[in-house]
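My questions all concern the structure below.
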Amino acid sequence: MITRTAIFEGTIKPGFEDRFREEVRTRLAPLWGQFPHGSNVRLFFVDQVDDGAPPIAMIQQVDYPSLAALEEALASPIRTQARALTLELLEMFEGRFYHIISGGNAVADAA
C-alpha cells in the first residue's frame with residue numbers, strides 16, 4: 001500500500017476559517033474520493049501543534065494499492081479538477097502545501 005499525504009503548512013486567513021473548512025469538506029473531499037484506485041481518504045484539520053513546530057492547518061491522505069496506481073491517479077482528469085479547486089481554495093490560505101509518499105505501515109508490518 002502507498003499513502004499520499006498532503007501537508008498544508010501555514011494558516012487559514014483570518015475570517016475564512018469556517019468557510020475554508022466547509023469548502024474543503026463539501027467540494028474538495030468528494031473529488032479526492034473519485035481518484036482512480038484511491039481508498040481510505042482521510043482529512044484532518046489541525047487544532048494544535050507542539051511548541052516550535054511549523055503551523056499545520058490541514059493534512060489529507062489517500063491510500064493506493066501501488067505506486068503505479070498512484071501515478072495513474074495523478075494523471076487522471078479528476079486530479080486536474082481537484083488541483084484547480086485546491087488552487088482556488090488556497091486564496092483563503094497563507095502558506096504552502098506539499099506531498100509526502102510513504103509505503104506500508106511499519107507498526108502493522110512488524111506485528
Original post:
Taking side chain as C-beta onward, heavy atoms only, is Tyr98 less than 4.5 Å from Phe8?
Top reply: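 No. Closest side-chain heavy atoms not under 4.5 Å.
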
Original post:
Rounded to the nearest 0.5 Å, how far apart are CG of Asp50 and CD1 of Ile56?
Top reply: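 So the gap between those two atoms works out to 11.5 Å.
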
**OP:** May I ask whether Ile100 and Tyr64 are part of the same hydrophobic cluster, defined by side-chain heavy atoms of I, L, V, M, F, W, Y residues being less than 4.5 angstrom apart, directly or through others?
**Re:**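 Result: no, two separate clusters.
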
**OP:** Give the minimum heavy-atom separation between Ala57 and Phe93, together with the two atoms involved.
**Re:**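 Nearest heavy atoms, Ala57 then Phe93: CB-CE1, 3.6 Å.
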
Original post:
Got a donor-acceptor contact below 3.5 angstrom from the Glu88 side chain to the Thr86 backbone?
Top reply: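 No, because the side chain of Glu88 does not come within donor-acceptor range (under 3.5 Å) of the backbone of Thr86.
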
Original post:
Short question: side chain of Lys13, backbone of Glu94 - any donor-acceptor pair under 3.5 Å?
Top reply: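 Here the side-chain-to-backbone pair does not exist.
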
**OP:** Determine whether Ile78 and Trp32 make a side-chain contact, defined as any pair of heavy atoms from C-beta on separated by less than 4.5 Å.
**Re:**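 Result no, sub-4.5 Å side-chain heavy-atom pair not found.
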
**OP:** Check the hydrophobic clustering (I, L, V, M, F, W, Y; side-chain heavy atoms under 4.5 Å; chains of links allowed) and say if Ile7 and Leu87 are grouped together.
**Re:**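 No.
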
Original post:
Is Met92 close to Glu23 at the side-chain level, that is, under 4.5 Å between some pair of heavy atoms?
Top reply: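 SC-SC contact between Glu23 and Met92 confirmed.
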
**OP:** Evaluate the side chain to side chain contact (heavy atoms under 4.5 Å, CB included) criterion for residues Val24 and Phe45: first the C-alpha distance (whole Å), next the side-chain angles of each, then the deciding distance (0.1 Å), finally the verdict.
**Re:** CA-CA 10 Å; Val24 169; Phe45 292 111; 4.1 Å; yes

Subject >> Close side-chain approach of Val46 to Ile59, heavy-atom, < 4.5 Å >> reply: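 A side-chain contact exists here, since the closest heavy-atom pair is under 4.5 Å.
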
Subject >> Non-hydrogen side-chain atoms of Pro65 and Met1 separated by less than 4.5 Å >> reply: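 No, too far: nothing below the 4.5 Å cut-off.
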
Subject >> Euclidean distance, Leu74 CG relative to Thr80 OG1, rounded to 0.5 Å >> reply: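 Answer rounded to 0.5 Å: 10.0 Å.
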
**OP:** Drop me the distance from Ile101's CD1 to Ile2's CD1, to the nearest 0.5 angstrom.
**Re:**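 CD1 of Ile2 is found 8.0 Å from CD1 of Ile101.
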
**OP:** Check whether any side-chain heavy atom of Gln60 sits under 4.5 Å from a side-chain heavy atom of Thr5, and report yes or no.
**Re:**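 In short, these two side chains do not touch, never coming nearer than 4.5 Å.
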
**OP:** Please determine if Arg4 and Asp63 form a salt bridge, counting it only when a charged side-chain N lies under 4.0 Å from a carboxylate O.
**Re:**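 No salt bridge links Arg4 with Asp63.
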
**OP:** Determine the minimum heavy-atom distance between Pro55 and Thr11, stating which atoms define it.
**Re:**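 Result for this residue pair: CB-CG2, 4.2 Å.
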
**OP:** Output yes when a side-chain donor or acceptor of Arg27 lies under 3.5 Å from a complementary backbone atom of Arg25, and no otherwise.
**Re:**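 Flag not set: sc Arg27 to bb Arg25 has no pair under 3.5 Å.
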
**OP:** Please report the shortest heavy-atom distance between Ala73 and Pro36, naming the atom on each side.
**Re:**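 So the two residues come closest at CB-O, 3.4 Å.
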
Original post:
For Gln61 and Thr3, does a side-chain donor sit closer than 3.5 Å to a side-chain acceptor?
Top reply: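 Per modelled atom types, Gln61 and Thr3 side chains form no pair under 3.5 Å.
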
Original post:
Crowded around Arg42 CZ? As in, over 12 foreign heavy atoms under 6.0 Å?
Top reply: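 Counting other residues, nucleotides and ligands, CZ of Arg42 exceeds 12 neighbours.
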
Original post:
Can you hop from Val62 to Leu67 via hydrophobic side chains spaced under 4.5 Å?
Top reply: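 Per the 4.5 Å side-chain linkage, Val62 and Leu67 are co-clustered.
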
Original post:
Heavy-atom distance under 4.5 Å between the side chains of Met58 and Phe20, does that happen here?
Top reply: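 The answer is yes, as the side chains (C-beta and beyond) meet within the 4.5 Å cut-off.
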
Original post:
Roughly how far apart are Leu90 CG and Leu85 CG, rounded to 0.5 Å?
Top reply: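 These two atoms lie 9.5 Å from each other.
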
